[in-house]
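Worksheet for the structure shown next.
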Amino acid sequence: GAVVSQHPSWVICKSGTSVKIECRSLDFQATTMFWYRQFPKQSLMLMATSNEGSKATYEQGVEKDKFLINHASLTLSTLTVTSAHPEDSSFYICSASQQGRAYNEQFFGPGTRLTVL
Amino acid sequence: AQKITQTQPGMFVQEKEAVTLDCTYDTSDQSYGLFWYKQPSSGEMIFLIYQGSYDEQNATEGRYSLNFQKARKSANLVISASQLGDSAMYFCAMREDYSGGSNYKLTFGKGTLLTVNP
C-alpha cells in the first residue's frame, strides 16, 4: 500500500507556457501533500505544504504566484508552474502523508522532470 | 546552521563489504524522527530505515542499520554486504515534531553518492 503517482513523468515546454503536474495517492487518503524541487546533483528542497481544502503554505523564497498548488481532494494535488522559464527546469517530486500513519511517514511519487526551452 | 549534514559527497565500497554513510543533525526538539532514503538514477525516493528520537535501540531493516548516537546527534547508515544495486544517492532526513509544525516537514541533507565496485 501507500502508492503515490505523478503525471506526467517528464515534460518539455516552451518558455512562457504553463505546466501542470498531478500528484495522486492511489490507495490512501492523503491529509497532507508536499512538493519538492531537486536540481541536478542537489538535495530535495521543500517548496510548499498543502492540506486538503486549504491554501498551501509556501517555504521562504518560493513564489506562490508562480507555483500554484491546488489540493482539491484527499487523493489529488496539482502543481502548476506558470509562465515557465529555463531556470524552472528541474525535477519536481511530490509526497503524501496520512495522519496517524507510523513515523508520520511521507510517501514519495516518482517525480516529474520539467525541461523549459 | 544546517539542520542535516552529510559530510561525504561520494563514497566507494567494494561489493560484499560494509559501508557507513554519515549523518549529523541539529535540532532543539525532544521529539523528532530520522529517515534514510535511497535515490537511484531513475529519481524515485526509496525509504530505507527510520529512527525515532525516543527509540532506545538502533533501527535495523535487513542489510540496513542505523547507528543512532543521540548525545552526538548522529544517525549514520550502515549497509552490510554491499551489492552493485546499492549504487545510488543516499539522503538523510529529519522530521521535527514541534518546530516543524503539525505537518511534520522533512529536512534533507545534501546526500552521499555511493558507488559499489565489483
Side-chain angles (χ1 to χ4, degrees), chain A residues 1-6 8-10 21 23 30-52 54-60 62 69 71 77 90-114, chain B residues 2-10 21 23 25 29 31-55 59 61 66 75 88-115:
Chain A
V3 179
V4 176
S5 71
Q6 275 184 247
S9 54
W10 59 271
I21 302 170
C23 176
T31 42
T32 307
M33 285 186 166
F34 304 83
W35 286 95
Y36 296 85
R37 180 167 54 182
Q38 185 180 29
F39 292 109
K41 300 189 188 303
Q42 294 190 23
S43 186
L44 277 72
M45 298 299 296
L46 180 65
M47 299 174 68
T49 304
S50 73
N51 292 303
E52 184 262 340
S54 304
K55 284 185 180 180
T57 301
Y58 290 81
E59 294 299 300
Q60 197 170 13
V62 177
I69 291 171
H71 191 165
S77 176
S90 187
F91 191 56
Y92 292 87
I93 308 175
C94 74
S95 71
S97 67
Q98 183 182 44
Q99 199 166 13
R101 285 257 185 181
Y103 315 154
N104 292 304
E105 185 177 354
Q106 293 181 26
F107 300 96
F108 286 84
T112 296
R113 201 164 298 279
L114 170 64
Chain B
Q2 288 188 24
K3 288 194 173 184
I4 295 285
T5 303
Q6 293 181 253
T7 57
Q8 307 153 315
L21 306 184
C23 173
Y25 59 92
D29 284 359
S31 176
Y32 53 89
L34 297 156
F35 298 79
W36 276 92
Y37 291 90
K38 172 184 178 181
Q39 187 180 43
S41 55
S42 57
E44 68 206 277
M45 295 292 286
I46 301 169
F47 166 75
L48 296 178
I49 197 165
Y50 170 82
Q51 180 85 40
S53 58
Y54 294 118
D55 295 339
E61 289 282 353
L66 201 151
M89 276 293 280
Y90 287 81
F91 291 100
C92 179
M94 176 172 64
R95 182 203 73 229
E96 294 175 283
D97 294 341
Y98 297 111
S99 58
S102 60
N103 285 324
Y104 303 112
K105 296 190 294 187
L106 287 178
T107 304
F108 286 83
K110 293 188 175 182
T112 296
L113 180 62
L114 177 67
T115 302

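We use all heavy atoms of the structure for the numbers below, so side chains are in, but hydrogens, waters and symmetry mates are not. In what follows, chains carry the letters A, B, and so on, assigned in the order in which the sequence lines appear, proteins first and then strands, with residues in each chain numbered from 1.
Contact tally against chain B (heavy-atom pairs below 4.5 Å) for A:M45, A:E59, A:Q6: the top residue is A:E59. Ranked by non-hydrogen atom pairs under 4.5 Å with chain A, the options B:M45, B:K110, B:M89, B:E44 are led by B:M45.
Note that OH of A:Y36 and CG of B:L106 are 4.5 Å apart. Values are rounded to the nearest 0.5 Å.
Interface remark: A:L46 contributes side-chain atoms only to the contact with chain B (heavy atom separation under 4.5 Å). Interface remark: B:F91 contributes side-chain atoms only to the contact with chain A (heavy atom separation under 4.5 Å).
The two residues B:Y104 and A:F34 have their closest heavy-atom pair at O-CZ, 4.2 Å. Closest non-hydrogen pair, A:S43 versus B:G109, comes out as OG-O, 2.5 Å.
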(request) Might you work through the side chain to side chain contact (heavy atoms under 4.5 Å, CB included) test for A:I93 and B:Q39, ending with a clear yes or no? (result) CA-CA 12 Å; A:I93 308 175; B:Q39 187 180 43; 4.0 Å; yes
(request) Under the side chain to side chain contact (heavy atoms under 4.5 Å, CB included) rule, what do B:F47 and A:E105 come out as? Steps first, then yes or no, please. (result) CA-CA 9 Å; B:F47 166 75; A:E105 185 177 354; 3.5 Å; yes
